[in-house]
Chemist: 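One structure is given below, represented as structure tokens, and several questions about it will come after.
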Amino acid sequence: MRSVYLVAYDISCPKRYRKIYPIMRGYGEALQYSVFRSELTDTELHSLKELLWPLLNHDEDRVMIVDLGPIEGRGDNCVEFWGDPIVTPHERSATII
Amino acid sequence: MIQGPDARASMSSSSSPTTSVSTLQTSDKIPDDALLPVRMLNEFTYCPRLGYLEWVQGEWAENLETRQGSFGHRVVDKADRKQVKPPAKVEPKQQANSPQPDEPDEQIHARSIMLSSDKEGLIAKLDLVELEGDVATPVDYKRGKVPDVPEGAYEPERVQLCAQGLVLRDNGYQCDEGVLYFIASKRRVVIPFDEELVTRTRQLVTDFRATADAGIIPPPLEDSPKCPRCSLVGICLPDETNLLQLEPLTDQDNSDPTRLPTRLPKSTDPPRRLLPAKNNALPLYISEQGAFIGKSAERLTIKLKKEQLASVRMLDVSQICLFGSVMLSAQAISELSRRGIPICHFSYGGWFHSITAGLIHKNIELRIQQYSAAQDDERSLKVAKQLIAGKIKNCRTLLRRHIHDKKSPVLTKLTDYHQRALRVTSKESLLGLEGMAAKEYFADFFQLFPNHPALAVNGRNRRPPRAPVNAVLSFLYSLLSKELTVVLQAVGFDPMLGVFHTPRYGRPSLALDLAEEFRPLLADSAALMVFNNGEVNADSFIQRAGAVAMTPAGRKSVIAAYERRMETEITHPIFGYKICYRRILEVQARLLARHLLGEIPEYPSFVTR
């Protein structure tokens, strides 16, 4: 089952940032610059780490991953938004276009 | 205890202790592809069934453990480019030409080395070999922590390491011990290759080879704590297979002499739910004409005339269904097939005609059994009976839930047809029964729809459907056969060759076979849902000279209802755990495979109460 993770990062070099940003988009939705909300299983979280690991400069960059808990529960309602909120989908359903 | 080259020579020259060892040694020239990877030997030692599934049937699945394992190996997975000379004794001629190194005892670390041994019949990829002269020490990386056992490590790991040692010895190295490096503990554990471990390793190699050659899959473990963390648990279905081996599911078939002998019950516990109730990824449907699907890093973007309609994570996509003219970039196709996400193509009108997928499944054993069952009237009738009987039962259940008159004669008739379907002796009479049952069923089924003049219903008709309900039903059946084609292909079947439907060009017969029992449960009930909830109305259809088609909006509502139905969680009637319909389709396909491969005496049809 998926949990909600808050992933934030500081990348000190724009070249690396441009590589990391599209990967982050593949694993979550940007809430703010460099702050993502990601719904992932533990295997998916591991894939994200695997992808990020070789791209980071481990002396200069920083990544923070916070486990907010299962989607149905704390994970979904522990983020408080002020100002213009970003609506994240609460229900999982097939995309029909 | 030191075992040098002498010990090895004595082993191979001594008269073999068991006959199977001798067969291994006489056939010195083992074909390259029959060499046993030591990695597989580890799996076989852990669970013989796992070894068989991975090595013989080519099954593979990933979970957190396997991912962590490969990530932990990133340092040792890259072969270094420096030269590693073979031991001096093996190739003296070659060595004579090259200058002898002055420091023979220099320690060399070589990563990711592939070696094989014809004598042992093994091939190994060694994570790391530490060489000091002719003494070699294999180092194997393990993701976890050092286990708290007297031997320093569990048997599968020790056997795997010892097998690597045996391969090194056969290549002329002196190898008396190996090292297991536990990544999580950052600790090395030295494993001496004593007589006992070597004998055990060789025995397991022999056993594994014999099991593979015999082509009989080892039974699942009984209620084992190993199962929940095994990545292949959803393929193996250990508890479910054990339960179905115990007793026949239907009491009508007790006299069947062809039934396999069942094993004595060992545990009466209900099966654990070892696979997640729901899938994380869901289908993506695109019916917007002229839309373009592109890949942007880890996402799919759907655009229409350069305007973005949607962007979805590839993690969330299980399959893609395209209706009519929708375009896909080559990069998207390539990435989707690499990830094992099939692309299903439908015509604008909803006719399912093709599928784009990655390479064909490796499990050839299953396909051989499927083809032979399709050739064998008795075997295919046995499965077809269950499918049709299941369908009739599910039809009856659907009617009983919805009609007011619970004593309606149609219910009695359907019960009768269900009983007779289980007793038929020929495919023709089964086909006849199915037809009669369908006629009875549809006569009452169409009464359940709202009596609206624009939705006038006059029984089942198709090609082309001549009433709204028929248009919806045809479309839903098309979606269902798409779903089962995808499932069957993923499980390793050939969806085109069935046991009940006659094969016809381009028709997924096996998918249609399996669809029978699910039609009332998934398609018919979804049709009832869209009409009775008012999700479609007269505006959702276009009449075209007697034929009825759906508007794009109407079709989207039907797809949404179908998807809701697929995601519905129900209690499994046999296994007793909660599971969603989409998973049930997969479990049924796997159970059909278990039946065709001779593991369970009977295909259990899926019927709800």
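Letters A, B, ... mirror the listed sequences (proteins, then strands); counts begin at 1. Both backbone and side-chain heavy atoms feed into the values below; hydrogens, waters and symmetry mates do not.
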Chemist: State whether a side-chain donor-acceptor pair under 3.5 Å links B:Thr301 with B:Gln308.
Modeler: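 Absent: no donor and acceptor within the cut-off.
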
Chemist: Among the options B:Asn280, B:Ile559, B:Ile286, pick out the one with the most heavy-atom pairs lying under 4.5 Å from chain A.
Modeler: B:Asn280

Chemist: When the ring planes of B:His572 and B:Tyr577 are compared, do they come out parallel, tilted or perpendicular, using 30° and 60° as the limits?
Modeler: tilted

Chemist: Please say which of B:Leu300, B:Ile293, B:Leu282 ends up in a side-chain contact (heavy atoms from CB on, under 4.5 Å) with B:Val312.
Modeler: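 The residue from B:Leu300, B:Ile293, B:Leu282 that satisfies side-chain contact (heavy atoms from CB on, under 4.5 Å) with B:Val312 turns out to be B:Leu300.
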
Chemist: Heavy-atom distance under 4.5 Å to chain A: side chain of B:Leu315, backbone, both or neither?
Modeler: both

Chemist: Does B:Arg339 pair with B:Glu335 as a salt bridge, N-O distance under 4.0 Å?
Modeler: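 B:Glu335 and B:Arg339: salt-bridged.
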
Chemist: Tell me, side chain or backbone of B:Ser311 under 4.5 Å from chain A's heavy atoms, or both, or neither?
Modeler: side chain

Chemist: Does one side chain, of A:Ser47 or B:Arg67, offer a donor that lies under 3.5 Å from an acceptor on the other?
Modeler: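 Short answer, yes.
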
Chemist: Using non-hydrogen atoms and a 4.5 Å limit, figure out which bit of B:Glu62 sits close to chain A: side chain, backbone, both or neither.
Modeler: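 Answer is neither: B:Glu62 stays 4.5 Å or more from chain A.
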
Chemist: Indicate yes or no for a side-chain donor-acceptor contact from B:Arg565 to the backbone of B:Ser525 under 3.5 Å, with no hydrogens or angles considered.
Modeler: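 No, because the side chain of B:Arg565 does not come within donor-acceptor range (under 3.5 Å) of the backbone of B:Ser525.
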
Chemist: For residues 309-319 of chain B, which residue pairs qualify under salt bridge (charged side-chain N to carboxylate O under 4.0 Å, His left out), counting only residues two or more places apart or in two chains?
Modeler: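 Checked against salt bridge (charged side-chain N to carboxylate O under 4.0 Å, His left out) - neighbours excluded - the pairs reaching residues 309-319 of chain B are A:Arg2-B:Asp316, B:Arg313-B:Asp316.
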
Chemist: So what's closer than 4.5 Å to chain A heavy atoms on B:Glu288: side chain, backbone, both or neither?
Modeler: both

Chemist: How would you list, in number order, the residues of residues 8-24 of chain A that have a heavy atom less than 4.5 Å from chain B?
Modeler: A:Pro22, A:Ile23

Chemist: Okay, side chain of B:Glu569, backbone of B:Glu567: is any donor-acceptor separation there less than 3.5 Å?
Modeler: no

Chemist: What residues of residues 50-62 of chain A sit under 4.5 Å from chain B when only non-hydrogen atoms are counted?
Modeler: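 The residues closer than 4.5 Å to chain B, in numerical order, are A:Glu50, A:Leu51, A:Trp53.
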
Chemist: Among side-chain atoms of B:Glu483 and B:Tyr562, is any donor-acceptor pair under 3.5 angstrom?
Modeler: yes

Chemist: Answer yes or no: is there an ion pair linking A:Lys49 with A:Glu44, defined by an N-O contact shorter than 4.0 Å?
Modeler: no

Chemist: Please determine which of B:Ile235, B:Asn63, B:Thr66, B:Leu50 meets the side-chain contact (heavy atoms from CB on, under 4.5 Å) test together with B:Cys230.
Modeler: B:Leu50

Chemist: By a 4.5 Å heavy-atom criterion (distance strictly below it), what part of A:Leu40 contacts chain B: side chain, backbone, both, or neither?
Modeler: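 Answer is side chain: those atoms of A:Leu40 sit under 4.5 Å from chain B.
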
Chemist: Heavy-atom distance under 4.5 Å to chain A: side chain of B:Leu309, backbone, both or neither?
Modeler: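 The answer is the side chain of B:Leu309.
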
Chemist: Please tabulate, for side-chain N and O atoms in residues 327-334 of chain B, each donor-acceptor pair with protein atoms closer than 3.5 Å (sequence neighbours left out).
Modeler:
residue  : atom : partner  : partner atom : Å
B:Ser329 : OG   : B:Ala332 : N            : 3.1

Chemist: How long is the gap from CG on B:Leu480 to CG on B:Leu585, to the nearest 0.5 Å?
Modeler: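 Between atom CG of B:Leu480 and atom CG of B:Leu585 there are 7.0 Å.
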
